[in-house]
Amino acid sequence: MDDKRLEERLHLLKDSYERIPSEMDVDAILNKIEEAPQVNEKKNKGTKWQRVTVWAVSIASVFIIGVLSADYLEGGGIKNSQNKQEELERTDDLIEYAKSLKDQYEKEREKRRQVLDIPAKDFKTLSFVQQADGFASSIDYFSKQTYESNYYTSKDRYKELFEKAVNNIHLPSEMVGDVLKQQEKLDEAKTSQFFNSYYSKIIDLKIYFNQKQNVTKKQVVSLEAEGLYLENGKFHFNGDDNYLAHKAFLAPPVAGYLEMLEQEPYTYAGELVYSLEDSVAAMLMFENSLLESFDYYSNISTMKAYYTEIFHAVVKGTQDQSIYGDDGKVKEEYRQLWKAMMSQTSNSPVNYILTPIVKEFEASNWRKSDSWESLNYGDVDDALHLAINGDLGQFIENPPSGKNETSVDDNFVQRVHALYKLFAGTHDQTVLKDAKPEEIVGLYYYCAQLGDKETKYELYIKDDQYQQIPKEEYMKAPHQKITDFRKEFSSLHFEQRSDKEGYVVLTLHPDRTLYMHDEVIGFAVIHTENGWRAAFMPTQ
């Protein structure tokens, strides 16, 4: 206890002492007062000495009653002193508790520093250590507030700050051990939270030790336990199967981020670091992670950049690796690679960028493609952005023309009306099994024209592999209003992208009432056992 606290305690004791009345027989004094001779107004008022005696006794009685009354009215000076005593004890208890947590954190911190064998002055510069120290400093701050301002922080809050500090000081290997110990699969939000912390610690250690000129044998061994191995004078992350067994307890999208942590960089000065095949494999893994996850991961922008750079290098070639051979044609290895990429993906930037390029090259005997000539980084970025948001249909720039074009005329409307009469009454999905994709889209807008939200809802895909919307939510949502869809669209054209997916391209009528920025829109459809159905938010 410091001098200031001791002084407060002594003052409190003095205050309490002064408030305690002296021992006296109160009843005896009051009895004496009552026994005093009564003064008869008609008789002699007494001598001067008698009058003084009576006056003195009266004063004494008033004093005693005043002391007793004050004690009752104040609720007791002793009680107030006890409250102050309890307050001081409570303050001391909180301060001591905070101090014990801070001391415990310092011990945990020192253990990790010794494991890594890093000097104290360097250890505190690591970003994850600074973050942990920040939480520990908050304990000191609130403890000081309790001492100086009587601003109380609960023990639960101190404990929360302590746990955050210790969790942040945990090394990557300990984080993996914590996940394995829990034996509980983490959802995507918790997985990304784990990975963001894990990734930053690995990068911190990697950068620090790669900048050191001399690394001890003890440090090399310690870093191997964290997944960092010394190769050609530099430390690289290597997640072997045993070390990354915790992947089974993490959300699937994390696979791409762990791959990136292990293999980056993928490009250097515009050139591919790995072979064409290995680069494409990494790119497709990144695509899966980006399309399946939310923007929870701190290094998502890095993954997007790698995806774009690899895609552009594989399709356009690089300064050192041209896609053209000496005969002026696209090299066979690129032809086969592009086709393999298209066969392995669907509803992907790969399909929508490469499909017209391959068609044009094939038509020119692999010598020329206007789509290839105009392709740039921005196109890849745009396609990836649309795919992540489920809006890839907007990437269609110009509608195909020719015999496959279906005009939105009276004949088409009659066909759609006949389908509506068959389907609207029962919503029997088998009724539409043989309907063409253009007819399904026409039926969709015909339902919008009639205001039949229920039948329109039944035209959406009903498959857990694809995004869906609950019916109740759909029915309450605002819906597009159409007076006559023949005045909104001029023609439709179906473009199939894979066995299961495609787009119906709608050319908008010049006199349309619907506001659309583009002259055409793409309507995504998916093939089911009962025919083609609308994808969720098909034109977004």
Side-chain angles (χ1 to χ4, degrees), residues 266-288 290-291 304-387 392-405 493-505 520 522 524 527:
Y266 291 87
T267 60
Y268 182 76
E271 300 294 329
L272 293 173
V273 173
Y274 299 99
S275 67
L276 283 172
E277 291 76 11
D278 289 345
S279 296
V280 168
M283 186 194 83
L284 296 181
M285 180 176 283
F286 296 161
E287 182 178 288
N288 287 334
L290 291 169
L291 298 185
K304 289 178 180 178
Y306 278 137
Y307 180 91
T308 300
E309 291 170 5
I310 295 172
F311 195 116
H312 190 271
V314 168
V315 176
K316 293 285 285 187
T318 66
Q319 186 173 352
D320 294 342
Q321 289 184 300
S322 173
I323 67 165
Y324 289 104
D326 294 336
D327 57 359
K329 298 180 181 181
V330 176
K331 296 175 182 177
E332 185 64 31
E333 60 181 316
Y334 282 96
R335 301 183 200 180
Q336 298 302 322
L337 182 63
W338 293 348
K339 290 180 179 180
M341 290 167 61
M342 292 165 61
S343 67
Q344 294 174 29
T345 56
S346 61
N347 198 27
S348 154
V350 171
N351 304 90
Y352 295 99
I353 290 177
L354 275 181
T355 297
I357 289 175
V358 170
K359 284 183 178 179
E360 291 168 10
F361 267 126
E362 287 180 330
S364 67
N365 195 20
W366 293 98
R367 292 180 180 275
K368 182 175 174 56
S369 166
D370 291 336
S371 297
W372 179 89
E373 291 284 353
S374 62
L375 181 67
N376 57 42
Y377 285 102
D379 295 328
V380 181
D381 281 338
D382 290 343
L384 179 60
H385 175 76
L386 292 170
L392 199 52
Q394 296 182 13
F395 195 72
I396 301 173
E397 295 181 355
N398 298 301
S401 59
K403 296 180 180 179
N404 293 328
E405 202 72 20
H493 171 82
F494 176 59
E495 185 171 324
Q496 189 162 350
R497 297 299 190 180
S498 67
D499 292 340
K500 284 195 169 185
E501 297 175 350
Y503 280 86
V504 173
V505 181
V520 297
H527 195 266

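Along the sequence shown, residues carry numbers from 1.
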Point-to-point distance, once rounded to the nearest 0.5 Å, from CD of Glu495 to OH of Tyr352 = 8.0 Å

Candidate pair Val380 and Tyr307, rule side-chain contact (heavy atoms from CB on, under 4.5 Å), full reasoning = CA-CA 9 Å; Val380 181; Tyr307 180 91; 4.3 Å; yes

Gap separating the CG atom of Asn376 from the NE2 atom of His312, nearest 0.5 angstrom = 6.5 Å

Is it true that atom CD of Glu332 has more than 12 heavy atoms of other residues, nucleotides or ligands lying nearer than 6.0 Å?
-> yes

If you take all heavy atoms of Ser279 and Ile310, which pair is closest and at what distance?
-> O-CG2, 3.5 Å

Hey, are Glu287 and Thr345 close enough side-chain-wise for a donor-acceptor pair under 3.5 Å?
-> no

Scanning both residues in full, the closest heavy-atom pair of Val330 with Phe361 reads CG2-CE2, 3.6 Å

More than 12 heavy atoms from other groups under 6.0 Å of CG on Asp327 = yes

Could you tell me whether Lys359 and Glu362 make a salt bridge, using a distance below 4.0 angstrom between a side-chain N and a carboxylate O?
-> no

Find out whether Lys368 and Glu360 are in side-chain contact, i.e. whether some heavy atom of one side chain is under 4.5 Å from a heavy atom of the other.
-> no

Can you check whether Tyr324 reaches Lys329 side chain to side chain, under 4.5 Å on heavy atoms?
-> no

Can you tell me how far CZ of Arg335 sits from CH2 of Trp366, rounded to the nearest 0.5 angstrom?
-> 6.0 Å

Shortest non-hydrogen contact from Asp320 to Glu271?
-> N-OE2, 3.1 Å

Distance, nearest 0.5 Å, that separates CG of Leu276 from NZ of Lys331 | 9.0 Å

Atom NZ of Lys500 with >12 non-hydrogen neighbours under 6.0 angstrom | no

Looking at Leu354, Ile353, Thr355, which hits side chain to side chain contact (heavy atoms under 4.5 Å, CB included) with Trp338?
-> Leu354

Take Ile323 and Val315 through the side-chain contact (heavy atoms from CB on, under 4.5 Å) test and state the conclusion after the steps.
-> CA-CA 8 Å; Ile323 67 165; Val315 176; over 6 Å; no

Closest contact, heavy atoms only, Ser322 versus Tyr334 | O-CE1, 3.7 Å

Scanning both residues in full, the closest heavy-atom pair of Ser369 with Pro356 reads OG-O, 4.5 Å

Rounded distance (nearest 0.5 Å) linking atom CG of Asn351 with atom CE of Met342 | 6.5 Å

Looking at the rings of Tyr266 and Phe286, which for Trp means the six-membered one, are their centres under 6.0 Å apart?
-> yes

So how far is it from Thr318 OG1 to Glu309 CD, rounded to the nearest 0.5 Å?
-> 12.5 Å

Which atom names give the shortest non-hydrogen contact between Gly522 and Tyr503, and what distance separates them?
-> C-CD2, 3.9 Å

